[in-house]
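Starting from 1, each residue takes its place in the sequence as its number.
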Amino acid sequence: FEKVGRLDRIDLVVDPANLATVAKAVGRVIPPGTRAIEPKVRTGEIQRMLSSFQLNLAALSYIALLVGMYLIYNTVAISVVQRRSDIGTLRAVGATRREIFATFLAEGALFGVAGSLIGLVLGALLARVSVGAVSRTIDALYVANHADQVVYDPLVVLKAFVVGVAVTLVAALVPALEAARTAPA
């Protein structure tokens, strides 16, 4: 990096009572284009960077939920279209709209339970793989950390499962309503 013989950082250990005086003295002797910062400023920068990183992960999670909703909607809607004659026959022999609706909503719920369980398992595996890569990146670029393992909070796992199933039920509502409106013909 052609920095042999050059300094790019100097750390000073200063008594907090003398911090303002030392900061002014350092500010007078450092060259233009450099800055003297307190550790809490650097900590604040790191916190903002980590907050931004978490926001990006949350946004990607919401996008994944929307894509999942769309896939469930399409799957149940195709199921309704393919079974339209069967639905009509069931209605003709006495099945109520409510029973047809419940059947397709239950199908969506089964997709939701299966998908949420698979998602939790795959998410746990990907988290283990990803935490090492992300930890190395943050360690190399920003701050030394020791994030070398994934901690699974049972409440968060339960919340993820419930949200996965709930989102699936919402996605299956419209096709289930369409199935329930099928005429008994």
Between Leu169 and Leu177, is there a shared hydrophobic cluster once you connect ILVMFWY residues whose side-chain heavy atoms come closer than 4.5 Å?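 Linked within one cluster.
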
Can Tyr73 and Val170 be said to form a side chain to side chain contact (heavy atoms under 4.5 Å, CB included), step by step? CA-CA 9 Å; Tyr73 169 80; Val170 168; over 6 Å; no

Check whether Val14 and Val26 end up in the same hydrophobic cluster, where Ile, Leu, Val, Met, Phe, Trp and Tyr are linked by side-chain heavy atoms less than 4.5 Å apart.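 Per the 4.5 Å side-chain linkage, Val14 and Val26 are co-clustered.
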
Which atom names give the shortest non-hydrogen contact between Leu12 and Val22, and what distance separates them?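 Smallest heavy-atom distance, with atoms named: CD1-CG1, 4.4 Å.
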
When rounded to the nearest 0.5 angstrom, what is the spacing between OG1 in Thr168 and CG in Leu110?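 These two atoms lie 10.5 Å from each other.
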
Any donor-acceptor pair under 3.5 Å linking the side-chain atoms of Arg84 with those of Thr182?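 Result is yes, a qualifying pair exists.
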
For Thr103 and Glu107, run side chain to side chain contact (heavy atoms under 4.5 Å, CB included): C-alpha distance rounded to whole Å, both residues' side-chain angles, the deciding distance at 0.1 Å, then the answer. CA-CA 6 Å; Thr103 300; Glu107 182 179 339; 5.8 Å; no

Around Tyr152, counting heavy atoms of other residues, nucleotides and ligands shown, do more than 12 lie under 6.0 Å from its OH?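 Enclosed: over 12 neighbouring heavy atoms sit under 6.0 Å from OH of Tyr152.
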
Rounded to the nearest 0.5 Å, how far apart are OG1 of Thr96 and CG of Leu90?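 The distance works out to 10.5 Å.
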
CD1 of Ile30 to CZ of Arg35: how many Å apart, nearest 0.5 Å?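 Between atom CD1 of Ile30 and atom CZ of Arg35 there are 10.0 Å.
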
Min side-chain heavy-atom separation Val113-Phe161 under 4.5 Å: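 They are in contact (side-chain heavy atoms under 4.5 Å apart), so the answer is yes.
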
Linked, directly or transitively: Val156 and Val151 (ILVMFWY side chains, under 4.5 Å):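 No, Val156 does not connect to Val151 through the hydrophobic network.
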
Side-chain contact test, heavy atoms from C-beta onward, threshold under 4.5 Å: evaluate it for Phe104 versus Pro175 and give yes or no.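 No, side chains not in contact.
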
Would you find a donor on one side and an acceptor on the other, under 3.5 Å apart, between the side chain of Arg91 and the backbone of Ala183?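 Side chain of Arg91 to backbone of Ala183: no pair is present.
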
Check the hydrophobic clustering (I, L, V, M, F, W, Y; side-chain heavy atoms under 4.5 Å; chains of links allowed) and say if Leu120 and Val165 are grouped together.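 Cluster IDs for Leu120 and Val165 match.
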
Check whether any side-chain heavy atom of Tyr70 lies under 4.5 Å from a side-chain heavy atom of Leu66, and answer yes or no.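 Answer no - side chains too far apart.
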
Value rounded to 0.5 Å, distance of OG1 in Thr21 from CG in Asp15: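 Reported value, rounded in 0.5 Å steps: 10.0 Å.
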
Can you find a heavy atom in the side chain of Leu117 that is under 4.5 Å from one in the side chain of Val121?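 Leu117 vs Val121: side chains apart.
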
Are Ile72 and Val67 grouped together when hydrophobic residues (ILVMFWY) are joined by side-chain heavy atoms under 4.5 angstrom apart?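 No, it is not one cluster - the side chains of Ile72 and Val67 are not joined through contacts under 4.5 Å.
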
Arg128 atom CZ, over 12 foreign heavy atoms within 6.0 Å: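 No.
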
Output the distance between atom CD1 (Ile87) and atom OG (Ser79), rounded to the nearest 0.5 Å.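 Interatomic distance, Ile87 CD1 to Ser79 OG, rounded to 0.5 Å: 7.0 Å.
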
Inter-residue atom distance Asn74.CG - Met69.CE, 0.5 Å rounding: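 Answer rounded to 0.5 Å: 12.0 Å.
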
How far apart are the closest heavy atoms of Pro184 and Ala92, and which atoms are they?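 Closest pair (atom of Pro184, atom of Ala92, distance): CB-N, 3.5 Å.
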
Is there side-chain contact between Ser52 and Asn56, with at least one heavy-atom pair below 4.5 Å?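 Contact flag for Ser52/Asn56 side chains = yes.
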
Distance-minimising heavy-atom pair for Ala179 and Ile100: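 Nearest pair, atom of Ala179 first, then Ile100: O-CG2, 3.4 Å.
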
